[in-house]
Protein chains: 2
Amino acid sequence: MNPPTIKDVAKAANVSVATVSRVLHNLAGYSDRTRQKVMQAVEELGYQPNAIARGLVNKRTQTIGVLFPHVSSSFSSDILHGIEETAQEKGFSVIVCNTAEEGKRTMKYLQVLREKQVDGIVFTSEVLKDEYYQAIKEMRVPVILVNTMSQKHMIPYVKVDDRQAAYHATSYLIQKGHREIAMISGSLKDQIAGYPRLEGYRQALTDNGIEYLESRVAIGGFQLERSREAMKKLLTEAPPFTAVFAASDEMAIGAMNYCFEQGLKIPDDLSIIGYDDLKFARMVYPPLTTIHQPLTMMGRMASEKLISLIEHSETQVSSSIVSHQLVERQTVRSKP
Amino acid sequence: MNPPTIKDVAKAANVSVATVSRVLHNLAGYSDRTRQKVMQAVEELGYQPNAIARGLVNKRTQTIGVLFPHVSSSFSSDILHGIEETAQEKGFSVIVCNTAEEGKRTMKYLQVLREKQVDGIVFTSEVLKDEYYQAIKEMRVPVILVNTMSQKHMIPYVKVDDRQAAYHATSYLIQKGHREIAMISGSLKDQIAGYPRLEGYRQALTDNGIEYLESRVAIGGFQLERSREAMKKLLTEAPPFTAVFAASDEMAIGAMNYCFEQGLKIPDDLSIIGYDDLKFARMVYPPLTTIHQPLTMMGRMASEKLISLIEHSETQVSSSIVSHQLVERQTVRSKP
DNA sequence: CTCCCTTAAGTAAACGTTTACTCAAAATGA
DNA sequence: TCATTTTGAGTAAACGTTTACTTAAGGGAG
């Protein structure tokens, strides 16, 4: 009563397992008549190949692992969506691994992925510690970084240029006539979403002959509450300003929230530009002007790169800086 | 230069593979000295067991498959988060399967999961067609339904009582003094998020002696645009009303958006209550009063049930109606 | 008619584990 | 001291495939 195996098919069709395997793989070496017998047996028994057994001999599982710092965010799930989509098109399955805050579970998961013999790994939104790098190197499978990178190790990545995008956002505000521009930034220790974005902001200011004032930068985590506080701080402590660049949509929304509570109107009293273009950026009111990161596409690209690395074991690493896009909605207005 | 196998360890430790296996599994049958030799060899070679080989003999892969109609939504990713979390605690990995719109890829994915020999399946937010049921039955692995159910087949599920929750939402509006209450509903053909919620709404009205008017119900898809249109229709065509119950947060936000554009104030001019309590429900302004579905917890419960079914092959199905919660924020106000 | 090549198929090893058996030596008991 | 049990280990089959190698038969060229 166990699921039928290739042996059962062979017996039913009165041929050897090798022959069954051959017709199933469309290889040569059998007559049309044999083919028919085999197919019929397959049909009658409802035979389905066992990918585990196949994986054992082929040393390929057609499975990739994807590591995320926090699976539930809209951000990660958009990336995942892209990854999963092309993976499945190319015949791969994806195992999701939520590494939790601080990557507490990263090492454990890396081990699981190794034991499960995944063919490749996508590593997202987290800095690639040496420890991780070593572990992955030992597994001898390709990796792709998404929304993160490593200057120490040559690993292909897919991300937008955060510095440039932040520069773009800030320049846009300047171009709209703003000169007193505040920023809500992530932690400066954050080498991806923190420091580079601040640098882009600062550079844009400088390039346009505007003085960079530390007092106009508030550090607020990426969560809602922290950014409300940041906005509050900015509003009370900072010199007057007419626009703010928030390092994430979530921050922008938090800031907007606080402004509304204080009776400030957006964009009339204050312009705001966000970063990420998460789904809810266009759902809030007024719809948020922001920097669009093509997350789903980035996921797709990562998947493609990874799979081509797996299948052709190309050794050349090729990273992609994908271009962001500034999407104008209704939270920034020109200052006359 | 291939990864070391148990044989390599055996050779290095000068024992048989059986012995290595035994010490690795903490079984009896070896001296302390042998244990040490083995452990040392494991250490030196950096041996990691091959889960594929293990899966082949044990007929267990420690992997579950999770089917989603649309991976990228906040809704699904919260459920996924819960599932993944407890799965990993219990030593299981999860393969995500995005079945796409209309479950176009469901059958294909079911086959993949079968070939990959997953130990169980979580099926979410989609109606379980007979075809799916048959396929799963043939795989002989346990299934858990999340946010959906089947009255035809006895399959354990985890969901909130949509009818009751909608009743609750509507009653709440009534209790706040509203008597002219409109609704933005999903398709009535939707047996989960559509029809039952409308029924709950209607029942609450009736039970409170309020006439149910079909003109006060607008059908709008679950996306933003559709719900904006629905709100527009309501505003122009429906008799006057002071509150609206939206069958999803997304709908509620769309409706609010449209109201803002029309200069209506929420909750001053119109009260709105949503459904789901997605992350952004408390991020919009004003924060949305809504029905909370404990999605992450539902995911955890599903995982737990599934794994206990896998491990103890209990035959009793036990479903859970988890309780929703009405979370009061700022989009509903009492009518004097 | 032979020789050789092609075609159609079978045999068996290999993939890396787990585990039921087997077995020798050591420990125990009388 | 001898019989019996316990302990520490090894042997080999099994899991379900894939695939290199072998083989037998058939067909064509000379």
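The sequence lines fix the lettering, A, B, ..., with proteins before strands; numbering per chain opens at 1.
- As judged by a 4.0 angstrom heavy-atom cut-off over every strand, B/Q48 is placed among residues touching the sugar-phosphate backbone only.
- At distances below 3.5 Å, not a single donor-acceptor pair connects side-chain atoms of A/T99 with backbone N or O atoms of A/R105.
- In this entry the distance linking NZ of B/K59 with P of C/dT17 reads 18 Å, nearest Å.
- Counting to the nearest Å, the P atom of C/dA13 and the CG atom of A/N58 are 20 Å from each other.
- A residue-by-residue look at B/S16 and A/N50 shows that B/S16 has its nearest nucleotide of DNA chain D further toward the 5' end.
- Spacing between atom CD of B/Q62 and atom P of C/dT18 amounts to 12 Å, rounded to whole angstrom units.
- When rounded to the nearest whole Å, the span between CG of A/N14 and P of C/dA9 equals 12 Å.
- Spacing between atom CG of B/L27 and atom C1' of C/dT17 amounts to 13 Å, rounded to whole angstrom units.
- Summarising the geometry, the separation between CZ on B/R22 and P on C/dG16 is reported as 21 Å, rounded to the nearest angstrom.
- Nearer the 5' end of DNA chain C, as judged by each residue's closest nucleotide, is the contact made by A/V17, out of B/S21 and A/V17.
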Worked check of side chain to side chain donor-acceptor pair (under 3.5 Å) between B/E84 and B/Q88 | CA-CA 6 Å; B/E84 194 271 353; B/Q88 94 92 21; over 6 Å; no
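- The CD1 atom of A/I64 sits 11.0 Å away from atom NZ of A/K90, with the distance rounded to the nearest 0.5 Å.
- Residue A/H25 contributes atom NE2, which lies 7 Å from atom P of D/dT19 at whole-angstrom precision.
- What separates CZ of A/R33 from C1' of C/dA9 is a distance of 14 Å, to the nearest Å.
- Each of D/dG16, C/dT17, C/dA9 was ranked by its minimum atom distance to the side chain of A/T5; first place goes to D/dG16.
- Backbone-only engagement by A/T19 is indicated by non-hydrogen atom pairs under 4.0 Å involving sugar-phosphate atoms exclusively.
- A/D130 has a carboxylate O that lies under 4.0 Å from a charged side-chain N of A/K152, or vice versa, which qualifies the two as a salt bridge.
- Of the two residues contacting DNA chain D, namely B/D32 and B/L56, the nearest-nucleotide position lying further toward the 5' end is that of B/D32.
- Minimum atom distance to the side chain of A/K7 is reached by D/dC15, of the listed C/dT17, D/dC15, D/dT19.
- At the heavy-atom level, B/S31 lies under 4.0 Å from the strands shown only through sugar-phosphate atoms.
- Ion pairing of B/R114 with B/E138 is present here, as a side-chain N (NZ or NE/NH1/NH2) and a carboxylate O approach within less than 4.0 Å.
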